[in-house]
Amino acid sequence: LRKLDLVKGRVLFDVAKDVNRPFVVTAATETITALGTLFWVEVRDAETTVSLIRGRVRAETTGDSLELAPGDMVTFGGGQRVHLAHGVDGAATQAWRTGRLVFDNEPLARVAERMNDYSADKIVVGDGRAGAIRISGSFLAGQTEAFTEALKTYYGLSVSRSGRSLT
């Protein structure tokens with residue numbers, strides 16, 4: 001058995017098929033078993049996301065198990081399946097490997113969390129209405145100033161700086 005425990009973060013796995021030694025990733029309450037494949041797993045707060053690029057994986061959580069096909073992405077939270085998407089663009093889901101973050105209709109609050117992973121400057125979303133704004137686009141990781149300038153331009157949001165925080 002080849003096994004890895006992922007506590008936090010995002011990891012891309014390219015796993016050789018070996019029926020005698022399965023590759024298993026545990027993340028929070030989820031277990032992901034690779035069946036010869038290329039996939040990534042991300043643990044963020046109370047959610048675990050698995051995205052399959054090539055091959056097959058089985059993702060399991062409390063009372064739920066499914067086998068993913070290439071282009072599938074599943075998110076679990078609190079031991080339950082939260083979201084399953086088919087036909088996900090593999091290149092877009094791997095853009096983080098080349099310094100780009102791609103978002104497709106995601107709430108600003110979630111986008112800000114991801115942007116904050118790559119910069120000493122931190123985005124603080126000031127209120128729930130702003131946090132609910134849906135964001136789509138491709139942004140350079142670590143370019144917090146440019147991202148907040150885009151928010152000002154496209155959504156009319158005001159941004160103020162206090163030390164390393166942009167609110």
Determine, step by step, whether Gln80 and Asp64 satisfy the side chain to side chain contact (heavy atoms under 4.5 Å, CB included) criterion, reporting the C-alpha distance in whole Å, the side-chain angles of both residues, the deciding distance to 0.1 Å, and the verdict.
CA-CA 7 Å; Gln80 298 181 21; Asp64 191 9; over 6 Å; no

One pair to check against salt bridge (Lys or Arg N to Asp or Glu O under 4.0 Å): Lys152 and Glu149. What are the steps and the verdict?
CA-CA 5 Å; Lys152 287 168 45 175; Glu149 284 301 315; 3.1 Å; yes

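Here the options are Ile133, Ile135, Leu166, the test is side-chain contact (heavy atoms from CB on, under 4.5 Å), and the partner is Leu151; only Ile135 passes.
Interatomic distance, Thr93 OG1 to Ile53 CD1, rounded to the nearest 0.5 Å: 5.0 Å. Summarising the geometry, atom CG belonging to Leu68 is positioned 9.0 Å from atom OG1 belonging to Thr37; distances are rounded to the nearest 0.5 Å. Taking CG from Leu140 and CG from Leu101, the interatomic distance works out to 8.5 Å, rounded to the nearest 0.5 Å. We find the OG1-CD distance between Thr31 and Glu60 to be 6.0 Å, quoted to the nearest 0.5 Å. For the atom pair CZ of Phe23 and CZ of Phe39, the computed distance is 5.5 Å after rounding to the nearest 0.5 Å. Atoms CE and CG, from Met73 and Leu84 in turn, are 9.5 Å apart once rounded to the nearest 0.5 Å.
Linking ILVMFWY residues whenever their side-chain heavy atoms come closer than 4.5 Å, directly or via other members, leaves Val25 and Leu35 in distinct clusters. By the criterion of side-chain heavy atoms lying less than 4.5 angstrom apart, applied directly or through intervening Ile, Leu, Val, Met, Phe, Trp or Tyr residues, Leu38 is not grouped with Val11; the two fall into different hydrophobic clusters. Hydrophobic clustering, with ILVMFWY side chains joined whenever heavy atoms are under 4.5 angstrom apart, keeps Val124 apart from Tyr118. No chain of hydrophobic side-chain contacts below 4.5 Å, direct or via other Ile, Leu, Val, Met, Phe, Trp or Tyr residues, connects Val50 to Leu12.
Scanning all heavy atoms of the two residues, the minimum distance from Ser138 to Val102 falls at OG-CG2, 3.9 Å. Nearest heavy-atom pair, Ala112 versus Val125, reported as atom, atom and distance to 0.1 Å: CB-CG2, 3.9 Å. Ala16 and Arg2 get closest at one heavy-atom pair: O-NH2, 3.1 Å. Among all heavy-atom pairs drawn from Gly87 and Asp72, the shortest one is N-OD1, 4.4 Å. Nearest heavy-atom pair, Val82 versus Gly77, reported as atom, atom and distance to 0.1 Å: CG2-N, 3.3 Å. The two atoms that bring Arg81 and Phe76 nearest to each other are CA-CD2, 3.6 Å, heavy atoms only.
For CG of Asp104, the number of neighbouring non-hydrogen atoms (other residues, nucleotides, ligands) closer than 6.0 Å is 12 at most. Within 6.0 Å of CD on Glu67 lie more than 12 heavy atoms contributed by other residues, nucleotides or ligands. In Tyr155, the OH atom is crowded: over 12 heavy atoms of neighbouring residues, nucleotides or ligands sit closer than 6.0 Å.
For the pair Val41/Phe13, a side-chain contact is recorded, criterion being any heavy-atom separation below 4.5 Å from C-beta on. A 4.5 Å side-chain heavy-atom check between Arg10 and Arg114 finds at least one atom pair inside the cut-off. In this structure, the side chains of Trp40 and Arg97 stay at 4.5 Å or more apart for every pair of heavy atoms. Under the 4.5 Å side-chain criterion, counting only non-hydrogen atoms from C-beta, Val15 is not in contact with Val57. By the 4.5 Å heavy-atom criterion applied to side chains, Phe147 and Val111 are counted as neighbours. Contact annotation: the side chain of Val88 never approaches that of Leu52 to less than 4.5 Å [non-hydrogen atoms, C-beta and beyond]. Contact check for Asp121 versus Arg161: side-chain heavy atoms found under the 4.5 Å cut-off.
Under the 3.5 Å distance criterion, the side-chain polar atoms of Asn116 are matched with a main-chain donor or acceptor of Ile123. In this structure a side-chain-to-backbone donor-acceptor pair under 3.5 Å is present from Asp89 to Ala91.
In the model, Thr75 has a side-chain atom that pairs as donor or acceptor with a side-chain atom of Thr49 under 3.5 Å.
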